[in-house]
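Owing to the predicted nature of the structure, the values given are computational and were not obtained by experimental measurement.
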Amino acid sequence: MKAHEVLQRFSDEAASEIFQYLYQNDKPAYRACAQVLASRRKLRPILLDRKTRAERHAWMHAELSRKSNDDAATELLQTWLLGGNKQLVCSFLDSLGVPHDGHGLLDTLPPEPQKERLKEALDSLLDNYSRTAAVCYLHLFCEMDIADWPTLKQILKEDSRLCLATQCLAA
């Protein structure tokens, strides 16, 4: 599932938490995202600045849910996951023995682990971290160019805890 599709399924409250995190912790990324979205709609960024934060976040959520903004949605979600949820990302990779740089970034991906090991790693994520962040990360993980893990994709489709419906990701 592409990043814009993931964001389509987020409630406004869940999406607002992401924007709020970026606003507080990574203002350059927040501003860059808002400016890219405004320029694509041929709006002056000052118009966004005049909106309340809640209105701006709702607008950004709607814009990032569009297919044409998938690149911006991917960038935003990656920034949020690797910033505010780095421990989740590293924990998942560590539990599967996937080498990474200590910040959750990787160059290559080993062959897919056995189904039982994957299930144990998923259970651990869901037990120890935000469900919204875990589900978001797992779906984006499967979309990486280097990720050819069909068993994980199948588990994401079958396990109701990993649901990406709006009512599942209410907050």
Side-chain angles (χ1 to χ4, degrees), residues 1-93 103-105 121-122 124-145 147 152-153 155-171:
M1 189 168 283
K2 300 279 188 194
H4 77 278
E5 295 170 313
V6 170
L7 277 169
Q8 284 172 358
R9 288 156 177 83
F10 272 37
S11 68
D12 285 335
E13 294 80 23
S16 186
E17 286 181 27
I18 295 170
F19 300 128
Q20 190 62 32
Y21 169 82
L22 292 173
Y23 181 82
Q24 292 174 341
N25 299 288
D26 194 344
K27 281 199 182 178
Y30 178 87
R31 288 221 171 268
C33 180
Q35 288 176 347
V36 164
L37 295 174
S39 69
R40 289 181 180 177
R41 293 299 250 176
K42 299 188 184 345
L43 298 172
R44 293 184 330 216
I46 191 76
L47 295 175
L48 287 182
D49 290 340
R50 290 181 181 157
K51 291 181 178 285
T52 66
R53 199 172 311 153
E55 292 171 328
R56 188 178 330 123
H57 291 174
W59 182 83
M60 290 171 72
H61 182 207
E63 288 302 306
L64 288 167
S65 296
R66 299 176 56 187
K67 184 177 182 177
S68 61
N69 288 322
D70 188 64
D71 60 333
T74 300
E75 182 75 25
L76 177 105
L77 291 175
Q78 287 174 344
T79 301
W80 171 64
L81 287 166
L82 294 173
N85 296 283
K86 180 172 70 171
Q87 190 61 37
L88 174 151
V89 173
C90 292
S91 175
F92 178 71
L93 297 174
H103 300 285
L105 297 175
L122 297 175
S124 177
L125 279 189
L126 293 171
D127 289 343
N128 296 304
Y129 299 98
S130 153
R131 193 172 124 4
T132 300
V135 170
C136 178
Y137 172 68
L138 293 168
H139 282 273
L140 291 180
F141 180 89
C142 284
E143 281 299 315
M144 290 189 316
D145 293 337
L152 178 58
K153 289 179 184 179
I155 292 170
L156 289 177
K157 289 179 185 174
E158 295 171 352
D159 191 332
S160 63
R161 300 172 305 161
L162 303 171
C163 167
L164 251 179
T166 302
Q167 65 270 22
C168 297
L169 296 176

Using a 4.5 Å cut-off on heavy atoms from C-beta on, say whether the side chain of [Y] contacts that of [X].
| X | Y | answer |
| --- | --- | --- |
| Arg56 | Tyr30 | yes |
| Leu22 | Cys33 | no |
| Glu5 | Glu143 | no |
| Leu93 | Phe141 | yes |
| Phe10 | Leu64 | no |
| Val6 | Val135 | no |
| Lys67 | Lys2 | no |

Roughly how far, to the nearest 0.5 Å, is the [atom2] atom of [Y] from the [atom1] atom of [X]?
| X | Y | atom1 | atom2 | result |
| --- | --- | --- | --- | --- |
| Arg50 | Ile46 | CZ | CD1 | 5.0 Å |
| Cys136 | Arg9 | SG | CZ | 12.0 Å |
| Arg161 | Arg131 | CZ | CZ | 9.5 Å |
| Arg53 | Met60 | CZ | CE | 11.5 Å |
| Ser65 | His61 | OG | NE2 | 4.0 Å |
| Ser91 | Asn128 | OG | CG | 6.5 Å |

Closest approach of [X] and [Y], non-hydrogen atoms and distance?
| X | Y | answer |
| --- | --- | --- |
| Arg66 | Ala62 | CG-O, 3.5 Å |
| Leu82 | His103 | CD2-O, 3.5 Å |
| Gly104 | Val89 | CA-CG1, 3.7 Å |
| Ala133 | Asn85 | CB-OD1, 3.5 Å |

Extract all donor-acceptor atom pairs below 3.5 Å that involve side chains of residues 69-77 and protein atoms in other chains or at least two apart in sequence.
residue : atom : partner : partner atom : Å
Asn69   : OD1  : Arg40   : NH1          : 2.9
Asn69   : ND2  : Glu63   : O            : 2.8
Asp70   : OD1  : Ala3    : N            : 3.1
Asp70   : OD1  : His4    : N            : 2.9
Asp70   : OD1  : His4    : ND1          : 2.9
Asp71   : OD1  : Arg40   : NH1          : 2.9
Asp71   : OD1  : Arg40   : NH2          : 3.3
Asp71   : OD2  : Arg40   : NH2          : 2.7
Thr74   : OG1  : Asp70   : O            : 2.8

Practice problem: Run the numbers on Leu122 and Asp159 for side chain to side chain contact (heavy atoms under 4.5 Å, CB included), then give the verdict. | Solution: CA-CA 10 Å; Leu122 297 175; Asp159 191 332; 5.5 Å; no
Quiz item: Among all residues two or more places apart in sequence or in another chain, which pass the ring pair (Phe, Tyr, Trp, His ring centres under 6.0 Å) test with Phe19?
Solution: His57
Self-check item: Lys153, NZ atom: more than 12 neighbouring heavy atoms under 6.0 Å
Solution: yes
Quiz item: Would you say Tyr137's side chain and Leu88's backbone share a donor-acceptor pair under 3.5 angstrom?
Solution: no
Quiz item: Is Asp49 paired with Arg31 through a side-chain N to carboxylate O contact shorter than 4.0 Å?
Solution: yes
Quiz item: Can you list the steps and then say if Leu125 with Leu138 is a side chain to side chain contact (heavy atoms under 4.5 Å, CB included)?
Solution: CA-CA 10 Å; Leu125 279 189; Leu138 293 168; 4.1 Å; yes
Practice problem: I would like to know whether Tyr129 and Phe92 meet ring-ring contact (aromatic ring centres under 6.0 Å, His included); could you show each step before the answer? | Solution: CA-CA 11 Å; Tyr129 299 98; Phe92 178 71; over 10 Å; no
